[in-house]
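One structure below.
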Protein chains: 2
Amino acid sequence: MALDQTQSTFGIAELAREFGITTRAIRFYEDKGLLNPARDGQRRVYGPRDHVRLRLIMRGKRLGFSLDEIREMIDLYDVDPSEVSQLKLFIDKLQLRREQLRSQQEDIAETLAELGRLESQSQDLLNEREARRTKAAV
Amino acid sequence: MALDQTQSTFGIAELAREFGITTRAIRFYEDKGLLNPARDGQRRVYGPRDHVRLRLIMRGKRLGFSLDEIREMIDLYDVDPSEVSQLKLFIDKLQLRREQLRSQQEDIAETLAELGRLESQSQDLLNEREARRTKAAV
DNA sequence: GGCGAACTTTACGTTAACGTAAACGTTAGC
DNA sequence: GCTAACGTTTACGTTAACGTAAAGTTCGCC
């Protein structure tokens with residue numbers, strides 16, 4: 001079968017190419033406990049789970065989180081909720097993180113609105129000037 | 001008049017308290033060209049404009065931007081659109097920045113959704129267990 | 001006029017997130 | 001059997017964003 005939708009193993013260089021980062025960075029994420037690839041002898045072999053994690057890492061970086069924060073966040077995805085007390089703490093963590101994300105959304109919305117106002121003002125100014133130039137050309 | 005809505009000058013310690021940062025950080029932002037306070041002799045005096053700028057700086061930091069990026073962004077607020085060619089470039093910059101912010105919004109929306117799913121799953125699990133415990137108590 | 005509080009400059013220290021280079025192992029292909 | 005591609009570990013270097021400490025100024029107040 002040639003068409004394999006979800007490739008199941010990756011080399012480090014392959015991942016690096018796909019995500020536009022260096023192999024150094026990928027090994028660094030492993031050092032920091034964000035990835036845990038299998039090994040084939042000495043070589044690292046990344047499975048689908050690592051692939052997903054790396055995607056989450058990159059998304060976290062785009063949002064401005066530190067690697068420590070990112071690790072905390074992606075660890076949330078595979079917590080084993082064995083004890084009830086742990087489960088409550090886990091839910092608290094989730095809620096905190098979600099609140100932070102929501103306030104970040106508000107910050108973005110404000111910024112977008114402000115830059116949007118600037119943009120339309122500038123656009124008006126530009127249209128006006130170009131109209132004047134067109135008129136002068138007639 | 002006692003009630004002065006928008007205070008017009010600030011000392012550095014005053015600003016530091018208000019924004020929850022150190023005076024060192026404020027001076028550092030000045031070094032990097034993000035602030036430009038007036039002087040009273042040797043001392044820095046911050047006006048309303050600096051106050052606004054500092055708010056924008058903090059917002060930029062919450063969004064994960066570097067100080068360089070933040071400087072570029074807040075400089076957008078006081079560009080003088082003298083030349084038409086400059087004006088076009090300016091509009092391009094604004095659009096780029098807005099697109100970046102929008103994709104950041106998407107990242108946040110995805111993350112919020114995923115964490116939300118996790119949260120309701122956990123909440124269900126918790127309810128189930130507490131129901132079982134209540135039942136056992138009856 | 002001495003003292004404390006708030007401010008100044010100068011300079012070295014620190015942490016995160018990699019970059020870069022050296023020196024070495026292994027495997028497919030000619 | 002050699003080399004090119006790909007991988008490994010180890011270790012020192014670098015940049016951003018401040019922290020921290022030293023040494024001096026200025027000002028209001030008792």
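Numbered from 1 within each chain, the chains take letters A, B, ... in sequence-line order.
- To the nearest angstrom, P of D/dT15 lies 11 Å from NZ of B/K32.
- Spacing between atom CD of A/E30 and atom P of C/dC18 amounts to 15 Å, rounded to whole angstrom units.
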### Task
Determine, stepwise, if the pair B/R43 / B/D40 fulfils salt bridge (Lys or Arg N to Asp or Glu O under 4.0 Å).
CA-CA 5 Å; B/R43 312 186 109 142; B/D40 171 21; over 6 Å; no
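- B/Q105 and A/Q105 share no side-chain donor-acceptor pair at under 3.5 Å.
- Heavy-atom distances to DNA chain C give each of A/A25 and A/Q42 a nearest nucleotide, and the one nearer the 5′ end belongs to A/A25.
- As a whole-Å value, the separation of B/R17 CZ from C/dC7 P is 8 Å.
- The six-membered or imidazole ring of A/H51 lies near that of A/F10, with a centre-to-centre distance under 6.0 Å.
- Going from atom CD1 of A/I57 over to atom C1' of C/dC18 covers 14 Å, rounded to whole Å.
- A salt bridge is absent between A/E83 and B/R129; no separation between the charged side-chain nitrogens and carboxylate oxygens falls under 4.0 Å.
- Cation-pi geometry between A/R53 and A/Y46 is not met at under 6.0 angstrom from the ring centre and within 45 degrees of the axis.
- At whole-Å resolution of the value, CG in B/D68 and P in D/dA16 are 7 Å apart.
- Residue A/R39 has its side chain nearest to D/dT8 when only D/dC27, D/dC6, D/dT8 are considered.
- Distance CZ (B/F65) to C1' (D/dA17): 17 Å, rounded to an integer number of Å.
- Listed pair B/R24 / D/dT20 fails the phosphate criterion, with no side-chain N or O lying under 4.0 Å from OP1 or OP2.
- Checking the phosphate oxygens (OP1, OP2) of D/dT8, a side-chain nitrogen or oxygen of A/R27 falls inside 4.0 Å.
- An OP1 or OP2 oxygen of C/dC18 is reached within less than 4.0 angstrom by a side-chain nitrogen or oxygen of A/K61.
- Close to C/dA17, at under 4.0 Å from its OP1 or OP2, lies no side-chain N or O of A/Y29.
- Distances shown here put every side-chain N or O of A/T23 at or beyond 4.0 Å from the OP1 or OP2 atom of D/dC6.
- In this entry the distance linking CD of A/E72 with P of C/dA16 reads 13 Å, nearest Å.
- Among the nucleotides C/dC18, C/dC7, D/dC6, the one closest to any side-chain atom of B/A13 is C/dC7.
- A straight line from OH of A/Y46 to C1' of D/dT8 spans 11 Å, rounded to a whole angstrom.
- When distances are taken from the side chain of A/R43 to each of D/dG7, C/dG19, D/dA17, the shortest belongs to D/dG7.
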